[in-house]
2 protein chains.
Amino acid sequence: MTHRAAPEHTHPDKVPLITALDALGDPVRLQLVRELAASREWTRSCGSFDVPVRKAALSHHFSVLRAAGLVEQRDDGPKRVNRLRREEFDERFPGLLALVLRGD
Amino acid sequence: MTHRAAPEHTHPDKVPLITALDALGDPVRLQLVRELAASREWTRSCGSFDVPVRKAALSHHFSVLRAAGLVEQRDDGPKRVNRLRREEFDERFPGLLALVLRGD
DNA sequence: GGGAGTGTACGACCCGCATCGAACAGTCGG
DNA sequence: CCGACTGTTCGATGCGGGTCGTACACTCCC
């Protein structure tokens, strides 16, 4: 046994607007979302992102992104791979994700 | 003479996305924007908003909103009246304001 | 001119958050 | 079974942002 505890997710439907704005209002998390959006689903492990923070902080940021309904995670061997919740999040906050990914 | 110094404004065009998200990611400022959106332009003075902070903090929040290109201010006698920059801001960040004003 | 009203500037305080290092848990491959 | 790798958790730290009180500037009206 000894399964790893599944990460706690929050569906975008239950996310207050201010939580979403707050989650996206951080440079590191914004970068994570953008980089994740540019990758195929379930291909990026947490440590594979180009952000200037150590893994402890990184783990924290992913926790915030999960709580904001932006990211879904799944265990894949020793790694934890990620997926951007495009459709669900966009249905809850139409256009917000598009705005974030619109570069500039 | 002794004109009052005109408040410093930033046009939405020059506002980075993260600045806008950060400005809207605060409960007090979110309330200010919403309340302002529900009023006719140039009718609300800074002190006329129903927020649980004193005027020093209030002044700070309006400074942030100006810097984010969300609010325009004009001196009207002893008061300083406000206007939500709907069109300009929406052109810069399409849909974001709508999202904020969509209540829920 | 004086007083009331409005908003800004300044300094101080404080709480929260982002960060880190280290220790731990789980997984896989040799 | 042991070591390398990945990510979480914990406690500690530092700093930035939100808040306040006070003092100040400006405007209007009496």
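All of these numbers come straight from a predicted model, not from anything done at the bench. So that the names make sense, note that chain A is the first sequence line, chain B the second, and so on, each numbered from 1.
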Between A:Arg86 and A:Asp90 (side chain of the first, backbone of the second, donor and acceptor by atom type, cut-off under 3.5 Å), is there such a pair? no
Phosphate oxygens OP1/OP2 of D:dT8: is one of them under 4.0 Å from a side-chain N or O of A:Arg4? no
Whole angstrom value for the distance that separates P of D:dC28 from CG of B:Asp76: 8 Å
Could you work out, with salt bridge (Lys or Arg N to Asp or Glu O under 4.0 Å) as the rule, every residue matching B:Arg83, not counting sequence neighbours? B:Glu41, B:Glu72, B:Glu87, B:Glu88
Restricting to pairs with a member in residues 12-29 of chain B, which pass salt bridge (Lys or Arg N to Asp or Glu O under 4.0 Å), not counting sequence neighbours? none
Residue set satisfying salt bridge (Lys or Arg N to Asp or Glu O under 4.0 Å) with A:Asp76, at least two apart, ordered chain then number -> none
Near DNA chain C, which residues from residues 39-46 of chain B have a heavy atom under 4.0 Å away? B:Ser45, B:Cys46
Which residue pairs pass the ring-ring contact (aromatic ring centres under 6.0 Å, His included) test when at least one of the two sits in residues 60-88 of chain B, sequence neighbours left out? B:Phe49-B:Phe62
D:dT9 P sits how many Å from A:Leu58 CG, rounded? 13 Å
Can you measure B:Glu8 atom CD to C:dG7 atom P for me and round it to whole angstrom units? 18 Å
A:Arg80 CZ to C:dC28 P, straight-line distance once rounded to whole Å: 13 Å
Report the distance from atom CG of A:Leu70 to atom NE2 of A:His9, rounding to the nearest 0.5 Å. 11.5 Å
Set of residues satisfying salt bridge (Lys or Arg N to Asp or Glu O under 4.0 Å) with respect to A:Arg92, sequence neighbours excluded: B:Asp104
Partners of A:Asp75 by salt bridge (Lys or Arg N to Asp or Glu O under 4.0 Å), sequence neighbours excluded? A:Arg4, A:Arg80
I'd like a table of atom pairs between the protein and nucleotides 3-5 of chain D - only N or O on both sides, under 3.5 Å - with the distance next to each one.
none

In the hydrophobic clustering that connects Ile, Leu, Val, Met, Phe, Trp and Tyr at side-chain heavy-atom distances below 4.5 Å, which members other than B:Val81 occupy its cluster, ordered by chain and number? B:Trp42
Contact class for B:Arg74 (heavy atom, under 4.0 Å): base, sugar-phosphate, or nothing? nothing
At under 4.0 Å between heavy atoms, how does the protein contact nucleotides 16-22 of chain D? Give one character per nucleotide, 5' to 3', with B, S or -. --SBBB-
Which residue pairs pass the salt bridge (Lys or Arg N to Asp or Glu O under 4.0 Å) test with at least one member in residues 45-55 of chain A, sequence neighbours excluded? none
Provide the full list of ring-ring contact (aromatic ring centres under 6.0 Å, His included) pairs with a residue in residues 81-102 of chain A, sequence neighbours left out, each pair given once. A:Phe89-A:Phe93
Atom NE2 of A:His3 and atom P of D:dT6: how far apart are they, to the nearest Å? 22 Å
